[in-house]
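Letters A, B, ... are given to chains in the order of the sequence lines, protein chains preceding strands, and every chain is numbered from 1. Here the structure is a predicted model, which is why all the values come from computation and not from measurement.
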2 protein chains.
Amino acid sequence: MEKPATIKDIAKRLNISLSTVSRALRNASDVNPDTKKAVMALSEELNYQPNKLALSLRQKQTHTIGVIVPNLDYVLSLMVRGIDEVALEAGFTVMVCQSNESFGREILNTRRLLESLVDGFIISVSSESKSFDHFKKIQERNLPVVVFDRVTPHLTAPSVRIDNEEGGFVATEHLIEQGYRRIAVLAGPENLGVSNSRMDGYLNALKKHKIKKDPALIVHCDFNQDYAYFATLELLAMKKRPDAIFTISDRMAIGAMLAIKKKGLRMPEDIGLVGFNNEPVTSLVTPSISSVEMPSFELGKAAAKLFIETMHNKENMDLEEKILKPKLIVRESSQKLPIKK
Amino acid sequence: MEKPATIKDIAKRLNISLSTVSRALRNASDVNPDTKKAVMALSEELNYQPNKLALSLRQKQTHTIGVIVPNLDYVLSLMVRGIDEVALEAGFTVMVCQSNESFGREILNTRRLLESLVDGFIISVSSESKSFDHFKKIQERNLPVVVFDRVTPHLTAPSVRIDNEEGGFVATEHLIEQGYRRIAVLAGPENLGVSNSRMDGYLNALKKHKIKKDPALIVHCDFNQDYAYFATLELLAMKKRPDAIFTISDRMAIGAMLAIKKKGLRMPEDIGLVGFNNEPVTSLVTPSISSVEMPSFELGKAAAKLFIETMHNKENMDLEEKILKPKLIVRESSQKLPIKK
DNA sequence: TTCCATTCCGGCAACGTTGCCGGCAACCAT
DNA sequence: ATGGTTGCCGGCAACGTTGCCGGAATGGAA
């Protein structure tokens, strides 16, 4: 009961050859029903498990997917669970690596997973990454790559994401409908596609409602509660301060909220606030924060499904692009008008 | 630039044998400096990476650690990052599996990781697990197992955890010092060691301060915000309702807080509240919630270090037990008395 | 009896790597 | 000249598995 049993053990005890055992265990063709039964029985008894290493070495497939994410916050860990779900179902194991939003770490993770001989990658890019050569190297090796959530035009690959522009649009339009007019946006790093798309949605909403864009109200800062806090303080210190803020993540919304409270302003009366991601915390703070919800779990599942598709017909790499819809959840922080019946 | 280069490729191009290349790449002994240089140069040029599969197959070691956690909430994902940190440093890769607090899932994960031929396990048990045979099977295979955070007396293995009893004690004593007398405890499932230890600390604090234990104030419920919410509602509906609640997790504290607010009671005036874990959300809600902080990242690192130790001297399995200290963070929810200078 | 088809099985090679062993020079010392 | 030592290298086997091929035994048909 020490070492796991191998095919050889079975063959020896049954006095038959390795090949026969192998065939018996797999496809029944070309093997006597009796010997097959015997093999099955013994393999059961010895609790035989085929050695994955040997299998992988032989058929040059590890049935492992490398997943690279910038962090494991609420939404991303939900997405990873979605990926896991589908991957397991399809017989794949996933290896998750966090890049911690660091470019260097992302390269390191890529290399490590490549060394582990994963069959392909499902990636959400770090906010710090400006070059994508390390990912292109993967594709040069002909391994399937699927990008999810944080996509980038610089990487040509099938992708799954939500409609970020739409998300930014509904958030902003909601603020406008609530009567806010000087709406600021706290955006992420300038090179982050997700952030820019949400900002595009913001701009579209302004345009639709004929509100002039004010560059002073567009602030880029790090994806981080503290940065958002200080950025908001600066916004609130303006002569003509904004009367609403749309942040492209909830963590930033929290920072903004703290700054607003610090300044003694009330939400939604003095200032409106809408975040993005619909993390549970948004409903727990006072006032509760409106936020754009995304179907994270579904998004993860979709990414894994797309990966498996891509893997199965590499020839027909059509660069599929799957886009899910976000949904605004209105809470106290932006509900200025009485709720219409 | 398609398939990764192998030792064979190098040998062929240099017209030398496989063995020589292998030796040249590894230890310099028994190989001519010139040929060694040539091999090194070519391997650099071809970007040679030893095939991990073949290596693992040969030396029966995958340099992979299987990590099983009940979920990836704030503390656990911090711990996993700590594990990752140390493991990477030591040349190990980690595979993380979530059991989702499900017993069946935990068994499945164990089997999957075993199939993946991990070199050992670092485990935090699910709250649902009442049997531990699946883990014992690992040990029968002579693979090292380290338990962390959620330990259990039913599993004999080196472990790393915090002093949960101490945590429960300081939380409770703090409430007593603030003048609360009818202190309830929201505990987790009855079979969960962590929960019971924290409760023991609670009981010790009562005893020390000569407060009689009231069984009606000890409530077991699922590790879950909603359950905690309803359990708290029931507590508050008692004739002689508690004047403080200690919950053994922050998620439960949130549930309790919502129930308290629902009832229109004020914290800390009408009722005190202390949670456990010091999740960021505790400082964001109103009132902010006191909580027992644990050094999660450090704990993860310690677990990985212990694992590597255990792995290196299996003979000397001394069942080391490493215990870190928790620390109470006092916030509004329990600060009834003015702060002493 | 001869020939062919069918059924079942074993041998061999290969995936990429390393460890062990043996061997061939060359050199030095006797 | 002979023997031993040293430096360097190649061959072989093995890790556990599968795919291919060839072959023995059996049966049936001509």
Please report the closest heavy-atom contact between A/Arg81 and A/Phe297, naming both atoms and the distance.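 Closest approach of A/Arg81 to A/Phe297, heavy atoms only: C-CE1, 3.8 Å.
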
Exercise: identify the closest heavy-atom pair between A/Lys52 and B/Ser116: NZ-OG, 3.8 Å

Rounded to whole angstroms, how far apart are [atom1] on [X] and [atom2] on [N]?
X: B/Leu25; N: C/dT18; atom1: CG; atom2: P; answer: 7 Å
X: B/Asn32; N: D/dT6; atom1: CG; atom2: C1'; answer: 14 Å
X: A/Lys12; N: D/dT17; atom1: NZ; atom2: P; answer: 13 Å
X: A/Arg26; N: D/dT17; atom1: CZ; atom2: C1'; answer: 8 Å
X: A/Lys36; N: C/dC9; atom1: NZ; atom2: P; answer: 12 Å
X: B/Lys37; N: D/dC8; atom1: NZ; atom2: C1'; answer: 16 Å
X: A/Leu117; N: C/dT17; atom1: CG; atom2: P; answer: 10 Å
X: A/Asp30; N: D/dC21; atom1: CG; atom2: P; answer: 13 Å

Strand DNA chain C as a dot-bracket string - pairs counted if Watson-Crick or G-U with both distances under 3.5 Å, | where the partner lies in another strand: ||||||||||||||||||||||||||||||

Check whether any side-chain nitrogen or oxygen of A/Thr20 sits under 4.0 Å from OP1 or OP2 of C/dC9, and answer yes or no. no

Please check the phosphate of C/dT17 (OP1 and OP2 only) for any side-chain N or O of B/Ser22 closer than 4.0 Å.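 So the side chain of B/Ser22 is outside the cut-off, no N or O lying under 4.0 Å from OP1 or OP2 of C/dT17.
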
Apply side-chain contact (heavy atoms from CB on, under 4.5 Å) to the pair A/Gln139 and A/Leu155, showing each step before the final yes or no. CA-CA 10 Å; A/Gln139 297 179 308; A/Leu155 189 55; 3.8 Å; yes

Nucleotide N/O of nucleotides 12-16 of chain C paired with protein N/O under 3.5 Å:
unit_1: C/dA14; atom_1: N3; unit_2: A/Arg58; atom_2: NE; d: 3.3
unit_1: C/dC15; atom_1: OP2; unit_2: B/Lys8; atom_2: NZ; d: 3.3
unit_1: C/dC15; atom_1: O3'; unit_2: A/Lys60; atom_2: NZ; d: 3.1
unit_1: C/dG16; atom_1: OP1; unit_2: A/Lys60; atom_2: NZ; d: 2.9

Pick base, sugar-phosphate or nothing for B/Thr35, based on heavy-atom distances below 4.0 Å to the nucleic acid. sugar-phosphate

Looking at residues at least two apart in the chain, or sitting in another chain, which of them share a side-chain hydrogen bond (donor to acceptor under 3.5 Å, both in side chains) with B/Thr35? none

B/Ser127 and B/Glu101 side chains, donor-acceptor separation under 3.5 Å: yes

For A/Glu309, is there an ion pair with A/Lys322 - N to carboxylate O distance below 4.0 angstrom?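 Looking at A/Lys322 and A/Glu309, the cut-off is not met.
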
How about NZ on A/Lys136, more than 12 heavy atoms from neighbouring residues, nucleotides or ligands closer than 6.0 Å, or not?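 Yes, NZ of A/Lys136 has more than 12 neighbouring heavy atoms, counting only those of other groups under 6.0 Å.
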
Could you check whether atom CD of B/Glu115 has more than 12 heavy atoms from other residues, nucleotides or ligands sitting under 6.0 Å from it?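 Result for CD/B/Glu115: enclosed.
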
Aromatic ring pairing A/His63/A/Phe92, orientation class (parallel under 30°, perpendicular over 60°, tilted between): tilted

C/dG10 base / A/Arg23 side chain donor-acceptor hit below 3.5 Å: yes

